[in-house]
Trainee: 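Please see the structure below; I have some questions.
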2 protein chains.
Amino acid sequence: MLDEPPGAETVGKDPEAVRKLIEKIEASVRLDHADRDAIIALPYEVRHYSRGAAMVVEAEPPHVCAFLLDGWASQQKHTDDGKREIVGLMIPGDFVDLQNIFLRKSDHEAQSLTDTSAFAVPLRALQDLVFDRPAIGRALWIDALVAASIYREWLVNLGRRDALARIAHLLCELARRLERTGLIVEAQYELPLTQEQVGDITGLTSVHVNRVFKKLVSQGLIVRYGRMIEIPNLGALGAAAGFDATYLHLDQMLDRAD
Amino acid sequence: MLDEPPGAETVGKDPEAVRKLIEKIEASVRLDHADRDAIIALPYEVRHYSRGAAMVVEAEPPHVCAFLLDGWASQQKHTDDGKREIVGLMIPGDFVDLQNIFLRKSDHEAQSLTDTSAFAVPLRALQDLVFDRPAIGRALWIDALVAASIYREWLVNLGRRDALARIAHLLCELARRLERTGLIVEAQYELPLTQEQVGDITGLTSVHVNRVFKKLVSQGLIVRYGRMIEIPNLGALGAAAGFDATYLHLDQMLDRAD
DNA sequence: CGTGTATTTGATTCCTCTCAAGTTTAGTGG
DNA sequence: CCACTAAACTTGAGAGGAATCAAATACACG
């Protein structure tokens with residue numbers, strides 16, 4: 001059905017994956033039977049991507065939108081002299097390419113940061129769903145707008161915070177986002193990013209990221225076990241970061257009476 | 001009909017304003033008669049805002065979405081220690097608060113940078129329009145997604161470019177955006193921003209912005225007459241900035257055959 | 001024309017980068 | 001299962017770009 005890019009392997013159907021997508025959408029809007037049936041009727045494939053595989057290719061017309069079932073992915077752009085900036089992170093439960101749903105070509109690329117599996121839907125089918133099923137359309141709007149809100153907060157992070165606050169802020173954000181997916185256990189989570197990638201997110205070099213990590217550890221704000229991060233006191237880390245979770249719009253995820 | 005915030009003055013109806021909104025939407029999608037009638041039937045007010053007036057208030061439930069008819073506006077956020085970051089710029093033809101259309105409270109504030117006039121529509125009416133008229137819904141999706149694309153490019157700007165390239169990039173972007181609105185005359189446009197505001201966009205101090213401006217002038221990349229900026233050679237400035245206009249998705253603005 | 005705002009300029013400091021090298025970890029094949 | 005290798009992490013020294021502090025000049029507005 002869909003062409004298969006390198007690094008991706010199609011594994012076919014999986015009712016469990018459909019259930020996860022419905023659950024995700026129902027976190028922000030109320031669906032009726034027709035809405036759920038429309039999702040169930042979506043043409044789709046579950047795909048596995050190996051670490052580092054391209055999920056969205058820049059300057060190409062996007063054909064597929066992927067809902068992340070497992071693993072992490074990133075959006076990134078490059079300057080003309082080859083420097084990289086990671087402009088977005090996607091974790092399980094996020095859409096990888098909703099940003100391209102109505103655009104003719106992608107202004108960025110997306111790749112998997114770990115081995116990932118995703119629910120891939122042809123763009124055309126998703127576009128139709130947005131207009132045919134208003135409740136689903138609203139959920140996708142909300143998802144895209146929250147992603148934009150995160151971009152705005154990252155702009156503040158890069159523009160107005162020093163290196164320590166930037167990294168602390170990133171760690172706080174990930175803690176709050178992973179919490180919702182149940183990926184936090186005893187204030188710990190795995191951060192599947194190299195220090196170079198953390199630098200590409202925060203506008204720093206990997207050398208400086210390393211120094212800041214050590215400083216965060218020495219101040220007792222985090223504990224590291226390999227790539228596991230423990231945040232013994234999220235409030236303290238948040239204070240160091242100037243973190244305020246409003247921009248994550250977590251309240252959108254509760255049931256809304258309208 | 002709508003409550004009037006301080007600094008804003010409602011001036012009532014204006015058929016010319018409705019025409020401009022329709023024109024803007026028709027730049028990206030094809031509308032039929034019913035679509036146009038739905039826009040004409042929108043409840044709205046034309047409002048004037050004086051320079052510095054709040055157009056969107058942070059943490060408050062947004063009630064109105066404004067389409068900018070004249071003047072410039074900005075989106076901004078603050079760190080907990082009071083530093084400001086301007087995360088978005090709106091020029092005539094942009095929506096001021098589309099980012100909040102489906103969110104319960106705003107994560108940022110918006111204010112006018114000059115005296116402005118805007119076409120203000122109650123959010124509820126705009127939400128209904130998105131679902132009742134798919135063509136209009138698509139146009140608003142595109143607008144929101146292009147705004148998000150600009151956020152991504154600004155992230156690259158802050159994370160990976162030095163001061164000179166950052167400011168050069170901003171000037172290139174504005175040149176291309178203003179061009180579409182006919183606000184460029186003989187490679188010149190008015191930049192209604194103080195150097196402090198340019199610093200708030202680019203993550204720099206006003207002192208350093210001043211020095212970079214002088215450097216851009218001494219290199220012949222720009223000429224300044226007060227707040228008029230002349231770009232004698234957009235290609236040269238673009239090269240200094242590493243500017244690539246793809247992210248503005250200007251091709252979305254042509255007619256699309258689908 | 002006075003007054004507050006914005007711009008300009010200089011001197012100094014410091015945060016982060018760059019360059020360089022060593023160490024640890026993870027992955028691979030014999 | 002261990003040796004080998006590449007990638008990732010760590011540490012140090014020195015350089016540099018932008019911030020900070022301070023003050024003077026230019027400009028807009030009532």
Side-chain angles (χ1 to χ4, degrees), chain A residues 50-52 72 74 79 81-86 111 113-115 157-170 190-219 222-229 240-241, chain B residues 50-52 72 74 79 81-86 111 113-115 157-170 190-219 222-229 240-241:
Chain A
S50 56
R51 175 167 168 276
W72 293 39
S74 67
T79 61
D81 55 339
K83 279 178 274 191
R84 179 175 65 170
E85 177 72 22
I86 293 178
Q111 69 171 43
L113 292 169
T114 65
D115 290 350
N157 213 28
L158 291 179
R160 290 296 179 221
R161 294 197 185 99
D162 66 16
L164 189 128
R166 279 185 217 177
I167 292 178
H169 195 279
L170 174 66
E190 195 195 337
L191 184 72
L193 298 172
T194 66
Q195 294 181 3
E196 188 170 4
Q197 288 166 335
V198 173
D200 285 340
I201 294 169
T202 52
L204 303 167
T205 58
S206 61
V207 171
H208 202 59
V209 168
N210 184 273
R211 295 188 167 118
V212 170
F213 267 137
K214 280 181 50 188
K215 197 168 190 180
L216 287 168
V217 169
S218 76
Q219 294 186 3
I222 64 170
V223 184
R224 279 189 301 168
Y225 312 99
R227 284 189 181 169
M228 292 295 294
I229 299 281
Chain B
S50 55
R51 175 167 168 275
W72 292 40
S74 68
T79 61
D81 55 339
K83 280 178 273 192
R84 179 176 66 171
E85 178 72 22
I86 293 178
Q111 70 171 41
L113 292 169
T114 65
D115 290 351
N157 213 28
L158 290 179
R160 290 297 178 220
R161 294 197 185 99
D162 67 16
L164 189 127
R166 279 185 217 178
I167 292 178
H169 195 279
L170 174 66
E190 195 194 338
L191 183 74
L193 298 172
T194 65
Q195 294 182 2
E196 187 169 5
Q197 287 166 335
V198 172
D200 286 339
I201 294 168
T202 53
L204 303 167
T205 58
S206 61
V207 171
H208 203 60
V209 168
N210 184 273
R211 293 187 168 122
V212 170
F213 267 138
K214 280 180 52 188
K215 197 169 189 178
L216 287 168
V217 170
S218 75
Q219 294 186 5
I222 64 170
V223 184
R224 280 190 300 169
Y225 311 100
R227 284 188 182 169
M228 292 296 294
I229 300 280

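Below, chain A is the first sequence line, B the second, and so on; all start at residue 1.
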Trainee: On DNA chain D, compare the nucleotides closest to Asn210(A) and Lys83(B); which residue's is nearer the 5' end?
Mentor: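 Whichever sits nearer the 5' end wins; that is Asn210(A).
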Trainee: For nucleotides 21-30 of chain D, just jot down a letter per nucleotide in 5' to 3' order: B, S or -, based on protein non-hydrogen atoms under 4.0 Å.
Mentor: B---------
Trainee: Evaluate side chain to side chain contact (heavy atoms under 4.5 Å, CB included) for Lys83(A) paired with Arg161(B), printing each intermediate quantity in order.
Mentor: CA-CA 9 Å; Lys83(A) 279 178 274 191; Arg161(B) 294 197 185 99; over 6 Å; no
Trainee: Taking CZ from Phe213(A) and C1' from dT11(D), how many angstroms apart are they, rounded to a whole number?
Mentor: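 Rounded to the whole Å, the gap is 17 Å.
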Trainee: Report which part of the nucleic acid Thr205(B) touches: base, sugar-phosphate, or nothing (heavy-atom distance under 4.0 Å, all strands).
Mentor: base
Trainee: At 4.0 Å (heavy atoms only), tell me whether Arg166(B) reaches a base, stays on the sugar-phosphate, or touches nothing.
Mentor: nothing
Trainee: Is the shortest side-chain N to carboxylate O distance from Asp81(A) to Arg160(B) below 4.0 Å?
Mentor: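 No.
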Trainee: Check Glu196(A) against Ser206(A) and note the closest heavy-atom contact, atom names and distance.
Mentor: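 Reported closest heavy-atom pair: CA-CB, 3.7 Å.
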Trainee: Could you tell me whether Gly199(A) contacts a base, only the sugar-phosphate backbone, or nothing, with contacts defined as non-hydrogen atoms closer than 4.0 Å?
Mentor: nothing
Trainee: How long is the line joining CD1 of Ile167(B) and P of dG17(D), in whole Å?
Mentor: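 For the pair Ile167(B) CD1 and dG17(D) P, the rounded distance is 15 Å.
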Trainee: Grab the two heavy atoms, one from Ala165(B) and one from Ala240(B), that are nearest each other, plus how far apart they are.
Mentor: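 Minimum heavy-atom separation between Ala165(B) and Ala240(B): CB-O, 3.6 Å.
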Trainee: Might you point out which heavy atoms bring Leu204(A) and Ala163(A) nearest each other, and give the distance in Å?
Mentor: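 The pair with the smallest heavy-atom distance is CD1-CB, 3.7 Å.
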Trainee: Looking at Arg166(A), is its backbone amide N or carbonyl O close enough to the side chain of Asn157(A) to form a donor-acceptor pair, meaning the two atoms are under 3.5 Å apart?
Mentor: yes
Trainee: Can you give the donor-acceptor pairs under 3.5 Å from side chains of residues 209-219 of chain B to other protein atoms, not counting sequence neighbours?
Mentor:
from      : atom 1 : to        : atom 2 : distance (Å)
Asn210(B) : ND2    : Gln195(B) : OE1    : 2.9
Ser218(B) : OG     : Lys215(B) : O      : 2.9

Trainee: Which part of the nucleic acid, if any, lies within contact of Arg161(A), taking any heavy atom under 4.0 Å across all strands shown: a base, the sugar-phosphate backbone alone, or nothing?
Mentor: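 No contact.
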Trainee: Can you give the first and last nucleotides of DNA chain C, 5' to 3', that have an atom under 4.0 Å from a heavy atom of chain B?
Mentor: dA6(C) to dA11(C)
Trainee: Whole angstrom is fine here: how far is it from CZ in Arg51(A) over to C1' in dA6(D)?
Mentor: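 Going from Arg51(A) (CZ) to dA6(D) (C1'), I get 12 Å.
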Trainee: To the nearest Å, how far apart are His208(A) NE2 and dA13(D) C1'?
Mentor: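 Computing the His208(A):NE2 to dA13(D):C1' distance gives 15 Å.
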Trainee: Round to a whole Å and report the spacing from CZ of Arg224(A) to C1' of dC9(D).
Mentor: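 Atom-to-atom, Arg224(A) to dC9(D), this comes out as 9 Å.
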Trainee: Check whether any side-chain N or O of Asp115(B) sits under 3.5 Å from a backbone N or O of Arg51(B) as a donor-acceptor pair, and report yes or no.
Mentor: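 Checking the backbone N and O of Arg51(B) against the side chain of Asp115(B), a donor-acceptor pair under 3.5 Å is found.
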Trainee: For side chain to side chain contact (heavy atoms under 4.5 Å, CB included), just list the numbers for Leu193(B) and Ile86(B), CA-CA rounded to whole Å, side-chain angles, deciding distance to a tenth of an Å, and then say yes or no.
Mentor: CA-CA 11 Å; Leu193(B) 298 172; Ile86(B) 293 178; 5.5 Å; no
